[in-house]
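Given the structure is predicted, the values throughout are model-derived calculations rather than measurements. Order of appearance sets the numbers: ligands from 1, and atoms from 1 within every ligand.
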Amino acid sequence: MEDILKVAMPKGRIYKQAAKLFHKAGLPIPEDLEEGRRLIIPVPEAKMEFILAKPVDVPTYVEYGVADIGVVGKDVLMEENRSVYELLDLGIARCRMSVIGLPNWEQVINPRVATKYPNVASQYFREQGQQVEVIKLNGSIELAPLIGLADRIVDMVETGQTLKENGLVEQAEIFQITSRLIANRVSYRMKNEAIQRLCDMLQPVLPTVDAK
Ligand SMILES: Nc1ncnc2c1ncn2[C@@H]1O[C@H](COP(=O)(O)OP(=O)(O)OP(=O)(O)O)[C@@H](O)[C@H]1O
Ligand SMILES: O=P(O)(O)OC[C@H]1O[C@H](OP(=O)(O)OP(=O)(O)O)[C@H](O)[C@@H]1O
């Protein structure tokens with residue numbers, strides 16, 4: 001069991017893109033989970049086991065060592081601030097973290113900011129020297145300024161479609177997001193050869209900077 005490399009893979013929108021990369025690298029994991037409910041996918045021929053996790057939980061599994069490595073968005077890494085190594089920028093699931101509001105937004109004292117990323121938002125406004133009240137939500141963040149819950153939001157933007165359809169505008173970009181390969185600190189030493197081999201297999205199939 002010890003020489004099996006355990007990989008935490010996010011279910012949801014990253015899975016397909018990450019699985020495509022692993023496939024291109026020669027690792028035969030299912031490219032699509034479709035309706036399957038299986039949470040552990042062994043790939044004995046590659047001495048690997050894929051654990052399907054909720055994206056936000058991936059750094060937790062990796063920090064605690066129940067997964068040796070994992071695939072996770074930079075947004076989650078910044079928010080969770082777990083003690084893990086970041087090994088590779090996989091260049092997939094590209095989007096950005098931004099401050100968003102209504103077009104006619106006016107400066108108010110101590111504005112309310114709704115977000116799924118309270119740590120990221122608090123740190124950003126602290127660095128800007130702006131006092132804000134952060135409200136944690138779990139989804140449909142764009143609703144908050146429309147229904148008067150918050151003055152602004154901190155959320156991800158990819159195509160800009162969600163903003164457009166809800167009459168919102170991007171006010172500032174906080175950082176660019178792509179998915180990263182992360183590793184448990186102990187596994188990185190104990191299973192270094194296997195982890196290094198995986199990185200070497202992935203490296204040539206990563207999207208080029210232009211295509212990212
Ligand atoms: N619109 C987007 N475009 C590109 N990448 C995105 C987009 N939204 C999210 N991501 C990236 O994909 C990751 C996972 O997103 P996903 O929506 O699958 O997770 P989630 O919202 O945590 O899922 P869940 O529905 O299980 O709560 C995010 O952490 C981010 O890195
Ligand atoms: O710029 P776009 O291409 O429109 O993508 C951005 C949207 O995608 C994400 O939402 P998601 O689909 O994960 O839904 P939720 O967070 O509201 O649950 C993000 O929170 C934005 O709402």
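Contact check for Tyr85 versus Arg185: side-chain heavy atoms found under the 4.5 Å cut-off. Looking at Tyr124 and Val99, their side chains come closer than 4.5 Å, going by heavy atoms from C-beta outward. Contact annotation: the side chain of Glu49 approaches that of Ile40 to within less than 4.5 Å [non-hydrogen atoms, C-beta and beyond]. The side-chain heavy atoms of Thr115 and Leu137, taken from C-beta on, include no pair separated by under 4.5 Å. Here the side chains of Val169 and Leu163 are not in contact, with every heavy-atom distance at 4.5 Å or above. Side-chain contact between Leu143 and Leu149: absent, with no pair of heavy atoms (C-beta onward) separated by less than 4.5 Å. Under the 4.5 Å side-chain criterion, counting only non-hydrogen atoms from C-beta, Val132 is not in contact with Asp151.
Looking only at distances, a side-chain donor or acceptor of Glu79 sits under 3.5 Å from a matching main-chain atom of Val120. The backbone N or O of Leu168 lies less than 3.5 Å from no partner atom in the side chain of Asn166, so there is not a single donor-acceptor pair.
Taking a cut-off of under 4.0 Å to the non-hydrogen atoms of Val157, the atoms of ligand 2 that pass are 1 (O). Counting atoms of ligand 2 from 1 in the listed order, those under 4.0 Å from a heavy atom of Asp155 are 19 (C), 20 (O), 21 (C), 22 (O). Near Gly12, with a cut-off below 4.0 Å to any heavy atom, the atoms of ligand 1 are 18 (O). Near Arg94, the atoms of ligand 1 lying under 4.0 angstrom from a non-hydrogen atom of the residue are 4 (C). Residue Glu142 approaches ligand 2 through these ligand atoms, each under 4.0 Å from one of its heavy atoms: 21 (C), 22 (O). Under a 4.0 Å criterion applied to the non-hydrogen atoms of Gly73, ligand 1 contributes the atoms 31 (O). Ligand 1 places these atoms under 4.0 Å from at least one heavy atom of Val76: 29 (O).
Within a 4.0 Å radius of atom 19 (O) of ligand 1, the protein contributes one or more non-hydrogen atoms.
Contacts between Lys116 and ligand 1, counted as non-hydrogen atom pairs separated by less than 4.0 Å, involve the side chain only. With a heavy-atom cut-off of 4.0 Å, Thr162 touches ligand 2 through backbone and side chain alike. Of the heavy atoms in Ile177, only side-chain atoms (C-beta onward) come closer than 4.0 Å to ligand 1.
Nearest non-hydrogen protein atom to atom 8 (N) of ligand 1 is Arg13 NE, 3.2 Å. For atom 6 (C) of ligand 2, the closest heavy atom belonging to the protein is Met156 O, 3.4 Å. From the protein, the heavy atom lying nearest to atom 12 (O) of ligand 1 is Ile14 CG1, 3.4 Å. Of the protein's heavy atoms, Lys116 NZ, 3.3 Å lies nearest to atom 16 (O) of ligand 2. Atom 3 (O) of ligand 2 has its closest protein heavy atom at Thr159 OG1, 2.5 Å. Protein heavy atom at the shortest distance from atom 5 (O) of ligand 2 is Glu158 N, 3.7 Å. Of all protein heavy atoms, the one lying nearest to atom 15 (P) of ligand 2 is Ser140 N, 3.8 Å.
To the nearest 0.5 Å, atom CD of residue Glu170 and atom CD1 of residue Ile100 are 6.0 Å apart. Rounding to the nearest 0.5 angstrom, the gap separating the CG atom in Asp3 from the NZ atom in Lys191 is 7.5 Å.
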Are Met78 and Asn119 close enough, and set up right, to give a side chain to side chain contact (heavy atoms under 4.5 Å, CB included), and what steps lead you there? CA-CA 8 Å; Met78 299 289 278; Asn119 293 328; over 6 Å; no

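No N or O atom of Ile141 sits closer than 3.5 Å to an N or O atom of ligand 2. At under 3.5 Å, a nitrogen or oxygen of Arg13, whether backbone or side chain, sits near a nitrogen or oxygen of ligand 2.
Between atom 29 (O) of ligand 1 and the options Asp75, Val71, Asn138, the minimum heavy-atom separation is to Asp75. Comparing heavy-atom distances from atom 23 (O) of ligand 1 across Ala93, Pro55, Gly139 singles out Pro55 as nearest. Counting heavy atoms only, Lys54 comes closest to atom 24 (P) of ligand 1 of the residues Met156, Arg180, Lys54, Lys11.
For the residue pair Gln161/Glu158, the side-chain donor-acceptor check at 3.5 Å is not satisfied.
Salt bridge Arg112/Glu133: present, at least one basic N to carboxylate O contact under 4.0 Å.
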